[in-house]
Structure formats: structure tokens, C-alpha cells
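Scroll down for the structure; my scribbles are underneath it.
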Amino acid sequence: MTEPESSTAGNFVRELVEQDLQTGKHGRIVTRFPPEPNGYLHIGHAKSICLNFGIAQEFHGICHLRFDDTNPTKEEVEYVEAIQADVRWLGFDWADKMFYASDYFERLYQYAVQLITQGKAYVDSLSADEMRTYRGTLTEPGKESPYRNRSVEENLNLFSRMKAGEFPDGTHVLRAKIDMASPNINLRDPAFYRIRHAAHHRTGTQWCCYPTYDYAHPLSDAIEGITHSICTLEFEDHRPLYDWVVEHAGAPCHPRQIEFARLNLTFTVMSKRKLLELVEKGHVSGWDDPRLPTLKGLRRRGYTPEAIRAFCEHIGVAKRDGVVEMALLEHFIREDLNRRAPRVMAVLRPLKVIIDNYPEGQVEELEAVNNPEDPTAGTRTVPFSRILYIEQEDFREVPPPKYFRLTPGREVRLRYAYIVKCVGVVKDERTGEVVEVHCTYDPETRSGGPQAQRKVKSTIHWVSAAQALPADVCLYEALFVKANPGDVPEGQDYTANLNPHSLERLTGCIVEPSLAGASPGNRYQFERQGYFCVDPDSSAGRLVFNRTVPLRDSWAKIEKARQDG
RNA sequence: UGGGGGAUCGUCUAGUGGUAGGACGUCAGACUCUGGAUCUGACUACCUAGGUUCGAAUCCUAGUCCCCCAGCCA
């Protein structure tokens with residue numbers, strides 16, 4: 001019972017946490033998920049959320065939700081609310097532990113005053129450009145600012161006037177006095193406060209100078225008593241600065257920063273900048289476009305929180321950066337939905353079928369299993385009659401090798417109904433396209449009937465014409481044509497790899513009548529096709545489905561192999 | 001040519017001096033009223049070169065390659 005039975009039970013972060021517990025360094029662990037409210041959460045954040053909340057859960061600790069809102073020019077309440085909704089939807093609970101870095105502005109300011117008093121921070125009046133010059137380069141040390149040795153009194157005076165709003169943006173900045181010659185650039189007197197005459201989404205116009213991440217983050221962690229501050233790899237060389245701030249400011253405790261590799265996924269982009277660009281330039285319909293890896297997008301696509309959590313658990317946590325295949329994410333949503341999604345019949349590209357020997361006007365209600373994986377899901381009834389629709393791709397006048405579906409002279413089973421035989425076709429005179437298929441049925445072969453056991457090469461789905469419901473269906477493919485969207489010719493950017501076929505909206509689809517009451521968010525398996533969910537834009541008059549993920553399709557592979565030669 | 005990290009099947013990930021394992025994927029087969037699911041089998045890896053050791057993915061030495069850092073972003 002105490003052994004974690006998961007195949008990916010351990011990771012190095014858990015190990016470190018466990019050690020700190022065993023050595024008695026901490027009695028209870030406290031982690032935090034610290035998003036900046038300047039965008040929507042994506043599946044990369046989900047990895048971090050699962051890690052932070054997961055570790056807290058596992059070791060009976062707690063995980064805080066903290067908004068890292070130190071830059072008023074980029075942050076908005078809209079994001080704050082969306083982020084909370086997304087974390088909750090993913091299945092995590094922060095109880096009453098929701099905080100904002102902006103809650104600590106006053107205390108942060110006092111810590112800064114203290115640093116100035118101790119000669120560990122100073123007000124610099126170099127311009128941003130000058131400061132960059134003074135910083136030096138990767139290989140050359142920086143130079144000390146001429147303002148570096150201002151007196152404590154002058155620094156205190158200037159800093160309080162920065163707070164009072166006496167100076168315009170960019171004229172002064174509070175800097176730590178560390179070491180301009182440090183080989184670690186983060187230690188070359190980093191900026192802690194910058195002047196920004198901008199309204200903050202929570203503190204309004206109360207402040208006109210704001211702390212930077214490097215200053216606010218370690219102290220916010222310490223104020224909250226965070227024991228393990230888990231972040232991504234790019235902050236690894238900020239750790240000495242993190243530790244410097246905590247030590248020199250005299251913070252109440254010293255959280256341990258641990259870095260792990262962020263998630264990358266094939267065939268998509270994860271950076272906030274690129275996601276924002278896709279939305280703003282209209283390459284997608286919005287932050288909840290089902291083609292995006294945002295949590296809002298995945299939710300609309302039909303992904304379940306359970307599948308995303310299982311995915312995050314199985315990809316593991318390590319320090320080497322890599323790219324996880326989209327196929328793995330798809331595996332987890334299939335696995336989840338296979339267990340829980342009710343099956344239903346839907347025809348995406350209809351082809352009319354007439355059963356010549358079936359009595360006109362007759363309708364039979366046939367019993368269909370809702371979910372073969374779940375006996376408790378029960379059964380439903382589907383109407384069968386003389387005129388039906390089948391999938392266009394389930395009929396071929398000239399079948400390729402290994403094609404098992406309907407073809408002239410051949411029999412197939414109509415799922416839950418009868419075995420039918422194709423006896424003729426009607427073609428469009430001008431185009432030669434098959435517009436109607438004529439069949440005969442064998443009354444003995446009805447499911448459960450005397451000849452029901454007769455073997456045929458395949459079973460296809462269908463929908464009875466008279467009772468069919470119309471629907472729109474959005475078929476999604478990867479947003480990019482290349483596993484690595486950044487792989488582009490010289491002079492182009494990742495948008496050159498946008499997949500022109502990432503969305504195909506089908507409007508003439510028909511679905512079985514049991515779907516009449518389907519409401520947004522409901523998920524189904526359209527038999528033999530894939531998992532679909534009802535889009536929020538769907539209405540009783542116009543059902544709209546999104547394809548979450550297609551079923552694995554071995555026939556498609558055979559066809560592809562044949563085409564590739 | 002500074003500093004910080006990292007290299008294990010195609011992909012992700014275990015391993016902490018003692019038979020390199022799992023998952024996805026791929027291929028083949030069985031089964032099937034979903035060409036789904038399920039089941040079987042196969043596939044493929046320790047960055048390189050030395051060294052220590054009875055024994056090295058693991059320890060040592062020297063290389064190679066990849067990622068991150070020069071915001072008053074986070």
C-alpha cells in the first residue's frame with residue numbers, strides 16, 4: 001500500500017522532497033504553482049500543476065496557487081479567472097491558499113528598504129541602454145555604474161520618491177549590489193524595482209514602481225513558507241540569485257528551488273508568445289480553439305482532465321529537455337474515452353442506400369449496446385428502415401486489395417441490424433459518381449436472429465434516413481505539418497509550417513436520433529470513426545461536434561502503405 | 001573563447017557498481033457484429049575514447065554534441 005505502484009513512480013523531484021522529509025528538514029511540505037496572469041494555461045502548465053499539486057498530495061502537504069503579478073502592463077483579471085477555472089477543471093484544489101505576489105507589495109518594499117539600509121541595494125539612474133552596456137557580455141565582465149556608491153541616505157530618499165511617483169518611467173531602478181564581474185550574468189547587480197506608472201489589476205494606481213520576478217519570487221515563496229519551489233530549467237542559473245535574495249533580505253525561511261525540464265510536444269507550439277500570435281493573427285479562432293494545446297482548447301476538443309493527468313504522470317519529470325510525441329497524448333485520451341464514451345452511429349459523408357426488398361414504410365427499433373467496455377452502460381434502440389445512409393468510404397465500386405467493405409455483389413453486416421448485399425448502383429449521369437447504392441437484406445441475419453452468426457468480412461455503421469438528425473462535424477488534424485514547427489527554411493518562421501488542413505468542417509453529417517438531447521461537452525464514440533464531443537456552439541436545432549481524436553485505423557495504414565508504394 | 005545544465009530504444013522514462021526495464025510507437029499474428037478494444041510475439045538504446053574494477057549506464061580522466069543566460073519579461 002505504501003509502495004507507489006505506478007510505472008513511473010519516482011522522479012528526482014519527489015526524491016529530493018522525500019529526503020528533506022526523512023532528514024527532518026521539513027515536517028510538512030509546501031509547494032506552489034505560480035502562473036503569471038498574462039495568458040491562458042496550456043498543457044505544459046498542466047505538467048507543472050500535476051507535479052506541484054501531486055507532490056503536495058502525495059506527501060500530505062499543501063500546494064498554493066499564487067499569481068505572479070508583478071508586471072501590471074501585461075496582466076489582467078480575465079487571465080486570473082481563467083487560470084483558476086483551468087486548475088480546478090484539471091482536478092486540483094488549493095483550499096484557501098490562493099495568493100498574489102501583489103499581496104506582498106508592501107512587505108517587499110520594506111525588505112527592499114532594509115537591503116538599501118544594509119548597503120546591499122542601490123538606486124541606479126542609468127538608462128536601460130546604458131545599463132546593458134555596463135552589464136558586459138557573456139565573456140567580458142561588466143562595469144560598475146557610476147551611481148553604485150550613492151549613500152544609504154540618498155538611496156533611501158530616491159527609492160521613496162520612486163514609490164511616491166516623482167520620477168517618470170525608466171529614469172531610475174533599484175538594483176542589488178552584488179558583483180558586476182560575476183561570470184553569472186544574473187548576479188551583475190540585477191534590477192529589483194522598476195518604475196511603471198501603470199494601473200495594476202489588483203492594486204490599481206497605488207504603486208508606480210513594481211518588483212521584478214527575481215526579487216519578488218523568492219520572497220513570495222519565503223513569505224508563504226514554501227519548502228520546495230519547483231520551476232523550469234531556464235531558471236537554473238537564477239538560483240544563486242534566488243538564494244542571495246532570501247539570505248540577504250532576511251526572509252523567514254529558505255525555500256529550495258528545484259528545476260525540471262518543461263514539456264514540449266510534437267506538432268504544436270507551447271510558448272506563450274507563439275500561442276498569442278496564433279490567436280491574434282487569426283490562425284486559430286481563439287484561445288479555446290480545439291487545435292491549440294491550451295487547456296481551454298483541449299477541453300473544447302473533448303479531452304478529459306483524467307486523460308491529461310494520466311499523460312502528465314506518465315511523461316515523467318527529469319532535467320533533460322526533449323519532445324514528447326503527440327501520439328502519447330492521443331493514447332491517453334483514447335484509453336480514457338474507450339472506457340467511458342457511449343457509442344453511437346453517425347455518418348459523416350453520407351451515401352444513400354436503399355434496401356430493395358425491405359418493406360416500404362416499415363421501421364424496426366433495433367437494440368444497440370452503448371458501450372461494449374462497460375456493461376453497466378446498458379443499451380439503446382436505433383431505428384432501421386428501407387432507406388439509410390452509410391459512409392461514402394464504406395462503399396467502393398472497384399475495391400482495392402484488402403478492402404473488406406461494401407462493394408458490388410458483396411455482403412457486409414449493418415451494425416446491430418442485417419447482413420445486406422450490394423445489388424446495384426445509381427450514378428450521376430454527368431459525373432459518374434455513385435449517388436445511390438441498392439442492396440437486398442437477409443431477414444434471417446438480424447442481430448440475435450437465426451442466421452446472425454453468419455460471418456461476413458466487415459460490419460459498417462449506418463443511420464436510418466427518416467429519423468436522422470443533421471449535424472456539423474469539425475475534423476481536426478495537427479496544427480502544424482512538421483513535428484518541429486520551428487524547422488523552417490532560412491528567413492521563414494514557424495507559421496510557414498501551419499497545416500492548411502488542420503480544420504475541416506463537414507456540414508452535411510447525419511447522426512442517429514438518440515443524440516437529440518446531446519448537450520455541450522458530452523462525449524461520444526462515433527463507431528468506427530473516433531471520439532467526438534458536442535461543441536459549446538451546438539444547439540438543439542444544429543448539433544455541432546468536434547472530433548477529439550480518431551480511432552486507431554489499421555485500414556488507413558494499409559492504404560497509406562499502398563500509396564507510398 | 002564566460003557561466004549554468006543535459007546526453008539510455010524512433011519518442012518519453014527507469015536504473016544510484018551485479019541479467020539495461022516500462023510506456024508510447026512500429027511490424028507480425030490471434031480474436032472481434034467497431035479494420036476499435038483486447039491478447040500474443042518481434043523491434044530497437046547506455047554520446048565517444050581511455051582508465052579503475054572480478055564486474056561500469058552508474059566511479060575517474062579527456063573529448064564531442066545539445067539546451068539555457070547579456071529584459072527595467074517571467
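Proteins get letters first, then strands, A, B, ... in listed order; numbering begins at 1 in each.
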Under 4.0 Å, heavy atoms only, any strand: does [X] hit a base, just the sugar-phosphate, or nothing?
{"X": "A/Tyr416", "result": "base"}
{"X": "A/Val317", "result": "sugar-phosphate"}
{"X": "A/Gly322", "result": "sugar-phosphate"}
{"X": "A/Ser458", "result": "nothing"}
{"X": "A/Pro372", "result": "base"}
{"X": "A/Ile460", "result": "nothing"}
{"X": "A/Tyr403", "result": "base"}
{"X": "A/Arg552", "result": "sugar-phosphate"}
{"X": "A/Glu36", "result": "sugar-phosphate"}
{"X": "A/Gln525", "result": "base"}
{"X": "A/Glu15", "result": "base"}
{"X": "A/Arg188", "result": "nothing"}
{"X": "A/Ser127", "result": "base"}
{"X": "A/Arg413", "result": "base"}

Study note, to complete from the structure: When rounded to whole Å, the CD to C1' distance for the pair A/Glu527 and B/U34 reads 5 Å
Point to revise | Among B/A14, B/G36, B/G2, the nucleotide that comes nearest once only the side chain of A/Glu373 is considered | key: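 Closest nucleotide to the A/Glu373 side chain: B/G36.
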Check your understanding: Any idea which of B/C72, B/C24, B/C69 is nearest the A/His331 side chain?
Key -> B/C24
If you measure from the [atom1] atom in [N] to the same atom in [M], how many Å do you get, rounded?
{"N": "B/A56", "M": "B/U61", "atom1": "C1'", "value": "15 Å"}
{"N": "B/A49", "M": "B/A45", "atom1": "P", "value": "15 Å"}
{"N": "B/G41", "M": "B/C31", "atom1": "C1'", "value": "15 Å"}
{"N": "B/C65", "M": "B/C54", "atom1": "C1'", "value": "34 Å"}
{"N": "B/G4", "M": "B/U8", "atom1": "C1'", "value": "23 Å"}
{"N": "B/C59", "M": "B/A42", "atom1": "C1'", "value": "36 Å"}
{"N": "B/U58", "M": "B/C46", "atom1": "P", "value": "12 Å"}
{"N": "B/G6", "M": "B/A37", "atom1": "P", "value": "39 Å"}

So which protein N/O to nucleotides 63-68 of chain B N/O distances come out below 3.5 Å?
from  : atom 1 : to       : atom 2 : distance (Å)
B/C67 : O2'    : A/Asp321 : OD2    : 3.0

Check your understanding: Is A/Trp555 stacked on the base of B/G35 when the test is centres under 5.5 angstrom and planes under 30 degrees?
Key -> yes
Practice item. Report yes if a donor N or O on one partner sits less than 3.5 Å from an acceptor N or O on the other, where the partners are the side chain of A/Gln529 and the base of B/G36; otherwise report no. Key: no
Review point. In what stems does RNA chain B take part, counting only runs of at least 3 consecutive Watson-Crick or G-U pairs whose two distances fall under 3.5 Å?
Key: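 When the pairs of RNA chain B are grouped into runs of at least three, the stems are B:2-7 with B:64-69, B:10-13 with B:21-24, B:25-30 with B:38-43, B:47-51 with B:59-63.
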